[in-house]
Amino acid sequence: MDEDRLIRETLESAKLPPRMKVFLALATRERSVAQVAALVGHGTTATGRLLSRMVGADQLTDRWEGKQHLYSIADPDLRRWSYRHLRELVGSGGCTDLGEMGERILGHLLDYDRNAAQEDLHLLLLAGHPPEEIYEHTITPMMERVGTLWEAGQVSVAQEHFVSAQVETALSVLFWLLAPAPADDAPAACVCAVPGNVHNIGPRILHHYLTTDGWKVLFLDGMTPLEDLVRLVGERRTRLVGLSVATDDQLPITVQSVATLRAMHRPPEAIFVGGPLIRSRPDLAGQIEADAVPGTAREARDLARQYQTAD
Ligand code: B12
């Protein structure tokens with residue numbers, strides 16, 4: 001089953017007005033008239049007219065790429081809504097094995113084929129798998145596999161960087177499409193790779209989990225100097241700080257970061273430390289004076305609940 005077939009079959013069996021079908025057909029990507037027509041099951045001429053009217057009504061935007069006239073949903077909120085609605089309609093119809101799909105996605109990425117990878121990822125999401133399952137059973141094993149292949153000299157540095165960059169992009173799009181907006185009075189958390197750590201995939205996953213669990217999360221990358229992180233934590237009255245550490249040589253800066261946060265005038269309620277180093281060398285955790293050193297983002301999310309409300 002491919003993405004287009006799944007969408008076409010879903011729209012075929014859904015009793016929806018044509019305009020609504022167009023929104024759902026454009027939920028995952030921009031498309032040409034012919035592509036939309038094929039998905040919604042109407043003729044190209046009628047679909048073309050409808051698309052032009054929707055552009056006129058500011059519901060869609062259009063652009064030319066060579067000879068192709070491409071359409072997309074104008075309003076980001078409407079695009080999010082369409083994506084969520086499409087997922088609900090597909091239900092479990094497109095059920096797919098998460099691990100196998102990870103291998104397939106990795107294969108595409110190692111061939112530098114972003115489109116094919118993107119299609120497969122949408123397929124998983126449209127099949128109704130929650131992001132959590134995809135992160136744990138598709139993305140994490142896939143990244144571990146890249147690491148193993150790289151260590152064995154079977155993938156190049158360029159391939160590893162390409163895979164990582166695409167996965168990071170996918171995670172930020174998934175966050176944008178699926179994470180709820182935090183409540184105004186949501187408790188603040190900050191998730192950050194320790195200074196010098198470029199491994200951002202795990203922290204992005206934690207960012208998504210905590211946001212879905214009701215936190216207002218400030219996500220920073222590992223290029224943030226420690227003093228700026230500390231200033232932000234103070235200004236935003238951050239209750240929880242999650243620091244991610246990947247390599248042995250990042251251990252001293254991790255210890256220093258925790259100590260500096262603890263020495264603040266109003267320190268955060270809790271400091272968690274996690275990441276690849278903690279997963280592979282849990283014995284090092286004792287050197288870091290964190291409140292918790294969870295091995296997974298899911299564990300961190302569950303432990304964080306006790307700090308969500310003021311005593
Ligand atoms: C992808 C990758 C990279 C990418 C990162 C790109 C990016 N945008 O993120 C690139 C290619 C840039 C890279 C660079 C390097 N890497 Co690298 N990398 C990896 C790899 C293959 C996968 C990491 C990953 O994304 N995993 C998937 C995520 C989901 O898992 P995770 O990060 O562990 O996160 C989970 C949990 O740990 C937890 N978590 C994560 N963060 C946090 C934070 C908190 C607070 C909590 C509670 C939980 C939590 O939640 C996640 C989900 O449950 C690992 C191999 C591996 N097995 O981990 C090596 C690995 C981490 N890298 C390693 C090394 C050595 C390096 C380099 C030094 C290589 C080099 N010689 O240049 C550089 C270091 C750069 C730097 N300054 O940090 C080593 C570290 C070994 C060590 N103990 O020192 C590893 C383990 C590979 C290996 N076996 O040697 N790397």
Would you find a donor on one side and an acceptor on the other, under 3.5 Å apart, between the side chain of Arg204 and the backbone of Leu171? no
On a heavy-atom basis, the closest approach of Ala38 and Arg8 is O-CD, 3.3 Å
For Asp58 against Ala74, the heavy-atom pair lying closest together: O-CB, 3.6 Å
Is the backbone N or O of His199 less than 3.5 Å from a side-chain atom of Asn197, with the two atoms forming a donor-acceptor pair by type? yes
If you look at every heavy atom in Phe162 and Asp113, which pair is closest and at what distance? CE2-N, 4.5 Å
So does Leu11 get a backbone contact from the side chain of Lys21, meaning a donor-acceptor N/O pair under 3.5 Å? yes
For Asn200, give me all partners under side-chain hydrogen bond (donor to acceptor under 3.5 Å, both in side chains), at least two apart in sequence or on another chain. none
Pair Asp291 + Arg262: basic N to acidic O under 4.0 Å: yes
Indicate yes or no: at least one non-hydrogen side-chain atom of Leu60 is less than 4.5 angstrom from one of Phe23. yes
Would you please test Val194 and Ser244 for side-chain contact (heavy atoms from CB on, under 4.5 Å) and show each step? CA-CA 6 Å; Val194 293; Ser244 191; over 6 Å; no
Could you walk me through whether Thr61 and Val55 pass the side-chain contact (heavy atoms from CB on, under 4.5 Å) check? CA-CA 6 Å; Thr61 49; Val55 170; over 6 Å; no
Quick check with a 6.0 Å cut-off and a 45 degree axis cone: is Arg239 positioned over the face of Tyr307's six-membered ring? no
Determine, using the 4.5 Å side-chain heavy-atom cutoff (strictly less than), whether Met143 and Tyr112 are members of one ILVMFWY cluster. yes
Taking Gln250 for the side chain and Thr247 for the main chain, is one N or O donor matched with an acceptor at less than 3.5 Å? yes
Determine whether Val22 and Leu70 fall in the same hydrophobic cluster, where Ile, Leu, Val, Met, Phe, Trp and Tyr are linked whenever their side-chain heavy atoms lie under 4.5 Å apart. no
Is it true that Arg237 and Glu269 make a salt bridge, defined as a side-chain N closer than 4.0 Å to a carboxylate O? no
Closest non-hydrogen contact found for Thr138 with Gly102 is CG2-CA, 3.4 Å
If you compare all heavy atoms of Glu299 against all heavy atoms of Gly295, which two are closest, and at what distance to 0.1 Å? OE1-N, 3.6 Å
According to a 4.5 Å side-chain heavy-atom criterion applied to Ile, Leu, Val, Met, Phe, Trp and Tyr, with indirect links allowed, do Ile7 and Leu174 form part of one hydrophobic cluster? yes
What about Val198 and Val157, same hydrophobic cluster or not, with Ile/Leu/Val/Met/Phe/Trp/Tyr joined at side-chain heavy-atom distances under 4.5 Å? no
If you measure from the Lys or Arg side-chain nitrogens to the Asp or Glu carboxylate oxygens, is any gap between Arg5 and Glu9 under 4.0 Å? yes
Contact between Asp120 and His108 at the side-chain level, heavy atoms closer than 4.5 Å - yes or no? yes
Minimum heavy-atom distance between Thr44 and Ala37, given as atom pair plus value: CA-CB, 4.0 Å
Are the side chains of Cys192 and Pro203 in touch, meaning some heavy atoms are under 4.5 Å apart? no
Between Met54 and Arg19, is there a side-chain heavy-atom distance shorter than 4.5 Å? yes
CZ (Arg145) with more than 12 external heavy atoms under 6.0 Å: no
Whether the side chain of Gln256 engages the backbone of Pro252 through a donor-acceptor N/O pair (distance < 3.5 Å, no angle test) should be reported. no
Please name the residue in the list Leu51, Thr45, Leu50 that meets the side-chain contact (heavy atoms from CB on, under 4.5 Å) test with Thr47. Leu51
Can you find a heavy atom in the side chain of Leu240 that is under 4.5 Å from one in the side chain of Pro187? no
At what distance, to the nearest 0.5 angstrom, does CD1 of Ile105 lie from CG of Leu124? 5.0 Å
Ion pair Arg31/Glu3, N-O distance below 4.0 Å: yes
Within the distance-only criterion (no hydrogens, no angle test), does the side chain of Arg80 pair as donor or acceptor with the backbone N or O of Asp75 below 3.5 angstrom? no
Which residues pass the side-chain hydrogen bond (donor to acceptor under 3.5 Å, both in side chains) test with Asp221, sequence neighbours left out? none
Establish whether Ile205 and Leu177 are linked, either directly or via other cluster members, by ILVMFWY side-chain heavy-atom contacts under 4.5 Å. yes
State which residue, out of Ile271, Asp228, Leu261, Leu218, fulfils the side-chain contact (heavy atoms from CB on, under 4.5 Å) condition with Val233. Leu261
Under the salt bridge (charged side-chain N to carboxylate O under 4.0 Å, His left out) criterion, do Glu144 and Arg279 qualify, and how do the steps go? CA-CA 12 Å; Glu144 274 163 8; Arg279 284 211 301 157; 2.8 Å; yes
Using the benzene-type ring in the case of Trp, are the ring centres of His122 and Tyr83 under 6.0 Å apart? yes
With a 4.5 Å cut-off on side-chain heavy atoms, are Gln59 and Ile73 touching? no
Do Met142 and Val163 touch side chain to side chain, with heavy atoms closer than 4.5 Å? yes
Evaluation steps, ring-ring contact (aromatic ring centres under 6.0 Å, His included), between His69 and Tyr71: CA-CA 7 Å; His69 196 176; Tyr71 294 84; 4.6 Å; yes
Give the ring-plane orientation class for His208 versus Phe175, where under 30° counts as parallel, over 60° as perpendicular and anything between as tilted. perpendicular
Got a salt bridge between Glu65 and Arg63, using NZ or NE/NH1/NH2 to carboxylate O under 4.0 Å? yes
Keeping Thr238 on the side-chain end and Ala189 on the backbone end, is there a donor-acceptor pair under 3.5 Å? no
Can you find a heavy atom in the side chain of Val155 that is under 4.5 Å from one in the side chain of Leu110? yes
Counting only heavy atoms not in Arg84, do more than 12 sit closer than 6.0 Å to its CZ atom? yes
Can Arg281 and Asp248 be counted as an ion pair, charged N to O under 4.0 angstrom? yes
So, Arg79 side chain and Thr28 main chain: donor-acceptor pair closer than 3.5 Å or not? yes
